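These notes are about the structure you will find just below.
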Amino acid sequence: MKNEFKKYNFLNIKIIILIVLFILLFASFATMRNFGEPEKTEMDDYFIRNAQEQTGSNNVVASIVFDYRALDTLGEAVVLFTAVMGISLIFTKNRNFSVLKKNEQNN
Amino acid sequence: MISLIFLTTIFLIVIGISGVLFQRNFIKIIIAINIIGDGVNLFLISLGYREGGIAPIFTNAVSLNMVSPTPQALILTSIVINLAITALLLSLSVLIHSSENLVNSKKEQDEGKPASHNSKN
Amino acid sequence: MSKIIKIVSLTALSPIIIFGLYIISHGHLTPGGGFQGGVIIASAFVLVLVAFKNDIKLSHKLFVFFESLGLVFFIILAFLGIFKNTFLYNFLANSSGILGRTIQFGANTGCLNSGGVIPLMNLAIGIEVAAALSLVALFIIRHKDQNKTKYD
């Protein structure tokens with residue numbers, strides 16, 4: 001039974017998924033607005049206009065990241081800290097996987 | 001037709017997903033996941049472009065026509081989170097490679113062969 | 001590694017750290033900031049770790065301490081804004097304090113004294129990212145296989 005599926009080398013299910021994904025991405029990018037012509041820019045105009053007087057920094061991106069939207073930066077710092085904490089749990093010295101080992105039941 | 005940047009984004013995402021579907025080695029799958037993240041970040045940055053604009057920094061600025069700074073602030077977070085995901089995946093693959101008696105498939109345990117570094121055989 | 005690589009990596013350690021500190025401290029004037037400068041400093045530590053694999057004594061508790069210090073400093077800066085208005089408030093901008101020089105709208109050559117609480121947040125995030133990435137590299141480079149069973 002297994003050898004019958006090896007004959008279909010060309011129309012694998014993975015290639016069909018890839019072709020459908022490519023067509024869908026192409027169609028959705030064709031109906032977007034043109035590159036370089038934004039539509040509604042009120043928030044960006046407010047940021048560029050008022051960032052120097054309200055925060056006192058020349059860099060508008062830094063004032064967005066650390067002053068107007070600082071809560072996202074706090075969440076990102078906590079995510080980085082948690083990932084490194086998970087990595088340090090993997091590389092401890094005396095790891096004991098006695099729940100998963102099957103060989104200990106025989107000994 | 002479609003601009004060149006959007007074509008690059010489409011190719012990056014499709015190449016990344018095809019790498020995840022067709023590759024067998026662990027490191028190549030991790031590289032493909034990283035490529036998908038890069039394609040999505042490129043798309044997010046290219047949404048904020050304004051024609052004839054400069055970088056949104058006022059130090060020695062040439063003109064006052066600036067591109068929109070909001071997508072640039074969003075992908076800073078996205079890049080750092082992709083970095084954390086890649087670091088976690090790489091250390092998990094080091095764990096799989098070092099302790100081989102944990103992830104042997106049952107068929108190879110009966111035959112007595114060691115598990116190789118690929119994900120499926 | 002050979003002797004040339006060890007000597008060159010120790011020589012290039014100081015300029016890389018100083019360059020990373022420059023990018024962190026000028027985060028409110030030029031492109032850059034906390035994350036970019038932290039990665040630059042971490043690359044200096046990874047260079048030393050790759051050149052001297054087991055010859056150098058680096059304990060992982062030092063990096064854990066600095067990473068926690070960076071995150072706690074960031075949270076303390078966030079809580080200090082409650083006395084003025086709200087959580088995460090820029091309480092040093094446009095004040096007559098230490099980092100509070102006002103800046104008018106328009107192009108100018110930058111001033112280091114401005115920015116409010118943004119340079120301090122850049123420093124905290126820079127310390128945290130540098131320590132976190134060096135810790136990950138230290139764990140992966142110095143890992144020894146313990147439970148590897150050999151089949152005959």
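Naming: A, B, ... by sequence-line order, numbering from 1 per chain. What you are looking at is a predicted structure, and each value in this text was computed from that prediction instead of being measured. Reckoned from all heavy atoms, side chains included, excluding hydrogens, waters and symmetry mates.
Side-chain atoms of B:L44 and B:Q72, non-hydrogen and from C-beta on, never get closer than 4.5 Å to each other. When side chains are defined from C-beta on, B:L42 counts as touching B:T8, because their heavy atoms get closer than 4.5 Å. Between A:R33 and A:E39 the shortest side-chain heavy-atom distance falls below 4.5 Å. Put simply, the side chain of A:L21 reaches to within 4.5 Å of the side chain of B:I17, judged on heavy atoms. By the 4.5 Å heavy-atom criterion applied to side chains, B:I33 and B:T86 are not counted as neighbours. Side-chain contact between B:T9 and B:I13 is present, with at least one heavy-atom pair separated by less than 4.5 Å. By the 4.5 Å heavy-atom criterion applied to side chains, B:T77 and A:T73 are not counted as neighbours.
Neither the backbone nor the side chain of B:L64 comes within less than 4.5 Å of any heavy atom of chain A. Contacts of B:S3 with chain A are made by side-chain atoms alone, with heavy-atom separations under 4.5 Å and no backbone atom involved. Contacts between A:Y68 and chain B at a heavy-atom distance below 4.5 Å are absent for every atom of the residue. Proximity to chain A (any heavy atom under 4.5 Å) is restricted, for B:L74, to the side chain, taken from C-beta onward. Of the two parts of A:F29, the backbone and the side chain both hold a non-hydrogen atom closer than 4.5 Å to a non-hydrogen atom of chain B. Contacts of B:L47 with chain A are made by both backbone and side-chain atoms, with heavy-atom separations under 4.5 Å. Looking at B:I5, the atoms closer than 4.5 Å to chain A (heavy atoms on both sides) all sit in the side chain, from C-beta outward. With a threshold of 4.5 angstrom between heavy atoms, A:D45 approaches chain B through side-chain atoms but not through N, CA, C or O. For B:I2, the part sitting under 4.5 Å from any heavy atom of chain A is the side chain, from C-beta outward, and nothing else.
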Quiz item: Do B:I57 and A:V60 pass the side-chain contact (heavy atoms from CB on, under 4.5 Å) test, and can you show the C-alpha distance, the side-chain angles, and the key distance before you say yes or no?
Solution: CA-CA 6 Å; B:I57 292 176; A:V60 183; over 6 Å; no
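Interface remark: of the candidates A:N34, A:V65, A:L18, A:T41, A:L18 forms the most heavy-atom pairs closer than 4.5 Å to chain B. Contact tally against chain B (heavy-atom pairs below 4.5 Å) for A:I48, A:L80, A:V79, A:T82: the top residue is A:I48. The greatest number of non-hydrogen atom pairs below 4.5 Å with chain B, out of A:I64, A:V84, A:I87, is found for A:I87. When B:T59, B:T70, B:L92 are compared by the number of non-hydrogen pairs under 4.5 Å with chain A, B:T70 comes out ahead. When B:P56, B:A84, B:S18 are compared by the number of non-hydrogen pairs under 4.5 Å with chain A, B:P56 comes out ahead.
In this structure a side-chain-to-backbone donor-acceptor pair under 3.5 Å is present from A:S28 to A:L25.
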